[in-house]
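Reading through the structure tokens given below for one structure.
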Amino acid sequence: MDAPNFKFVLLFCFLHHFGFAISSFNETDTIAINQIFQDGNLLISKDKNFALGFFSPGTSTYRYLGIWYHKLPLKTVLWVANRNHPINGSSGILSIDQFGNNLVLYTNPSLKVTVWSTNVSVQALNHTRCTAQILDSGNLILVQDETILWQSFDYPTDTLIQGMKLGFDLKTGIHRFLTAWKSPDDPATGDYSARVNPTGSPQVLFYKGTNYYWRSIPWPLRSYVDAINYSFVYTEDEIHLSYFVADTSAIVRAYLDYSGINRLQAWHEQQGKWNEFWSAPKYQCDSYGHCGNNGKCDPDQVNRRFECDCLPGFEPKNPRAWHSLRDGSGGCIRKRIESSSLCGNGEGFLKVPHVKLPDTSVAVWVDMDMSPIACEEECRRNCSCSAYASIDIVANGTRTGCLAWYGELMDTVNLVEEGYDLYVRVDAIELDAKTLKPKGLLGLKKVLVVSVGSTWLVVVCFAYLWLRKKRKRVNRKLLNAISGSSRNEVGDHRNRVDVVLFSLGALVAATNNFSPANRLGQGGFGIVYKGQLSNGLEVAVKKLSHGSGHGVEEFKNEVTLIAKLQHKNLVKLLGCCIEGEEPILIYEYMPNRSLDSFLFDETRKLCLDWRKRLDIIIGIARGILYLHHDSRLKIIHRDLKPSNILLDAALNPKISDFGMARMFEGDQIQERTKRIAGTYGYMSPEYVAFGKFSVKSDVFSYGVILLEIISGEKNNGFLQEDSLSLIDHVWQLWKEDRAMEIIDSSINESCSCDEVLRCIQIGLLCVQENAMHRPTMLDVVVMLNSNTTLPSPTQPAFSYRKVCSDFSSPRREGSCSKNELTITKFVGR
């Protein structure tokens, strides 16, 4: 028997053994159970718009399973299944597996090697088997009882077509993003990707590796191509971008090519080719941050003069590089050092017309229905608001909203046709610069001449001036540390932040000279006072305590982190003060103080019924998710506990106290420290024992908080029967199917047993001893907002009965210590 016939017999025997039926798949759009789809077959959608089959790209001889436009003479692939796992030869077989649950791509039939699978975890219901179908939309779906279990639209490669979404499904945890091919001959994952950034006001960011290189116009978009309509959905369940074409007969695609260019193309029937009507990046000004912080790029000035300019109120940080070298990457800084002149001192806003609005990851929605006048007033009231824009929410300006920026203004570009007007905050002098007349030396300065008649007075004066100069140097050093502008540090200009500086006198007046009557409480940083600014705004004033063990680094850490964070479940930093001996932070005032003041108070806990507690549980999770899934940095809080969860007037949770927080680079997983700082009972075992912390450390702390919210009991000092901690007690009850016994008696009547048990299970998953077994916060948010089946929790940390901790110190054979940990460097909060 010759080789080709032998291969056919081998394939036939394999298919017969596993119960497959051979089908020609002529004019069909469906794969059923026991059917095989092999190289050479085509699955064609009902109206013959799209086809599924095997192909070899460019000059490659490898085979891939993909979807392409069936009616076009030019094969244009829009989706690839096994992009990183090519098949050598024509041995590929696609089928529904023997359990009827998944679509599986095999190669080498005799060995049954899996190359790709839909990897659906649900089991077949009522023994109903799945079918796979290619739709006329170009979507390949796996269906069971009319329920879509999987679809290719959720896993795009390099192309976005009508009906596809780019962004997040927060209920399922699916993240849809584009990744370019490696080359025209290799569809493997390339260096470039396009992802929706959910931080602030949503926008699409384009990456080379982990670095931005281009940014879309932020939502809401102004359509710059009349034929295309864009939709940006932004809810608590979904954040995504999609588009549709007004002309239903038109074939349009958006794709990210292997060189990193985002292209919009339409098929021209007569010419038989794709015509490109838009692409980016294209010009110098398209490069992200081309003119640095607070700079503006003008594409029309390229090749005529320097394309960079500073926004109103700013000047080049490095004039030589700016003017001589034509390098604007260093950006711009405020013209005047006295930043306090921007708050309540006659400041205003100057218009920068028709621009691509700055990076909105530091912007927040003030209101979705607000007039331009009200938008300006809202920004003016908040001293940390650096700019605002009134934007169209509904077409033709029938309704406008307000977008405000806090911190640096990055990546502003002139766009004459599609741009919005940006209003930048400037001081009174800058505002009136065009109308002011020179007043001469006497109009600017008053000279005081003092006649000194004794030597001791001269000495006192010199001593006073020396001390004042020394204090200014210390304050300048601290200010440089906060702004990241120290000459001894080399940092990414995108990480610099603008911080509003309050005068000590203003805070003394606001707090009635830090009166004990205004004292709100005391944390690890120091004492917190309630204050009222001259404009009537109530604030929380946090004053560094000399005995707190915290210093300039912690102060710098908290300021630089919170100033860049904007989320409804994070406390908002309004500014700081570096005058006097003690640095001070100024926050938005939380009238209901912290979660622990409600949770562990027998009277106030009655205000927290089950629905409100569940809202707090979900709100805290969303806040931590924001910290962990920031587009460029992961932020590890390291000190999550109820006293650091503040409650606003509506009892909505806001995470506070970032003195111990750390930033991780995009690909960094774990870090180690010799200084163990935090609160016992909320710290994960790997952090307590070895100083190792990661996002899973915060997950552990969150799990403890969740169990405390349900039980109304503190994990620290919990003693009941032979349980040494709340975690241990819950674990023992869970194993005995008695978990409902931990519920706080004050919510017995308002709670849902199913919801409570689900939350208890999520809490136990978060406090598992092995950090690898704990879910991510994205997993937690999905589990809290869906009814998906949860995994069973394993042994929690700090459960001392029956099991000794893996990380405990060496013990004698046959002994089992309840607690053999020694914390050598512990800082109480």
Side-chain angles (χ1 to χ4, degrees), residues 313 334 336-349 364 366-367 373-388 402 404-407 423 425-429 431 475 478-479 482 497-523 525-544 555 558-559 562-563 565-566 568 570-594 646-650 654 656-658:
R334 284 279 175 195
R336 290 167 181 81
I337 298 176
E338 294 294 333
S339 298
S340 58
S341 65
L342 289 172
C343 190
N345 287 284
E347 76 279 4
F349 299 89
V364 296
V366 176
D367 200 303
I373 295 176
C375 185
E376 177 181 345
E377 289 304 312
E378 185 70 28
C379 186
R380 188 189 302 274
R381 277 195 293 268
N382 191 328
C383 296
S384 60
C385 180
S386 53
Y388 75 91
C402 182
W405 280 261
Y406 300 85
Y423 292 85
R425 192 184 200 108
V426 296
D427 62 22
I429 296 175
L431 191 64
N475 286 349
L478 184 56
L479 179 59
I482 293 170
V497 296
D498 259 345
V499 180
V500 176
L501 295 180
F502 287 80
S503 69
L504 181 60
L507 298 181
V508 167
T511 60
N512 192 20
N513 197 20
F514 298 102
S515 167
N518 287 42
R519 181 167 167 168
L520 295 175
Q522 183 165 359
F525 194 101
I527 302 174
V528 183
Y529 298 87
K530 180 181 178 181
Q532 187 172 25
L533 301 179
S534 58
N535 61 2
L537 180 66
E538 291 184 321
V539 294
V541 180
K542 196 180 195 181
K543 194 175 183 183
L544 174 64
F555 180 80
E558 186 143 13
V559 173
I562 304 182
L565 301 177
Q566 295 293 335
K568 66 180 182 179
L570 302 182
V571 70
K572 185 183 296 182
L573 178 72
L574 302 180
C576 68
C577 174
I578 56 174
E579 295 180 30
E581 299 295 327
E582 301 166 327
I584 301 172
L585 293 172
I586 299 90
Y587 293 96
E588 59 178 330
Y589 174 63
M590 295 287 106
N592 281 311
R593 305 196 182 182
S594 57
L646 304 184
L647 301 175
D648 66 12
K654 293 178 181 283
S656 70
D657 204 337
F658 287 77

Work out which heavy atom in [X] is nearest to a heavy atom in [Y]; give both atom names and the distance.
X    : Y    : result
I586 : C576 : CD1-CA, 3.6 Å
A649 : N592 : O-ND2, 3.5 Å
C577 : L507 : CB-CD1, 3.6 Å

**Cysteine SG atoms at C379 and C385 closer than 2.5 Å** =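 C379 pairs with C385 as a disulfide (SG atoms under 2.5 Å apart), so yes.
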Per side-chain contact (heavy atoms from CB on, under 4.5 Å), K542 is matched among D657, L573, L520, I584 by D657
Under a 4.5 Å cut-off applied to non-hydrogen side-chain atoms, are [X] and [Y] in contact?
X    : Y    : result
L646 : Y587 : no
K572 : N382 : yes
K654 : D648 : yes

Keeping [X] on the side-chain end and [Y] on the backbone end, is there a donor-acceptor pair under 3.5 Å?
X    : Y    : answer
N513 : S515 : no
R425 : G313 : no
S386 : W405 : yes

**Message:** Please verify the inter-ring angle class for Y388 with F349; under 30° counts as parallel, over 60° as perpendicular, anything in between as tilted.
**Reply:**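 Y388 vs F349 ring planes: perpendicular.
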The reported gap from NZ in K543 to CZ in R519 (rounded to nearest 0.5 angstrom) is 11.0 Å
Just verifying a value: how many Å separate L537 CG and R381 CZ, rounded to the nearest 0.5 Å?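 Atom-to-atom, L537:CG and R381:CZ are 9.5 Å apart.
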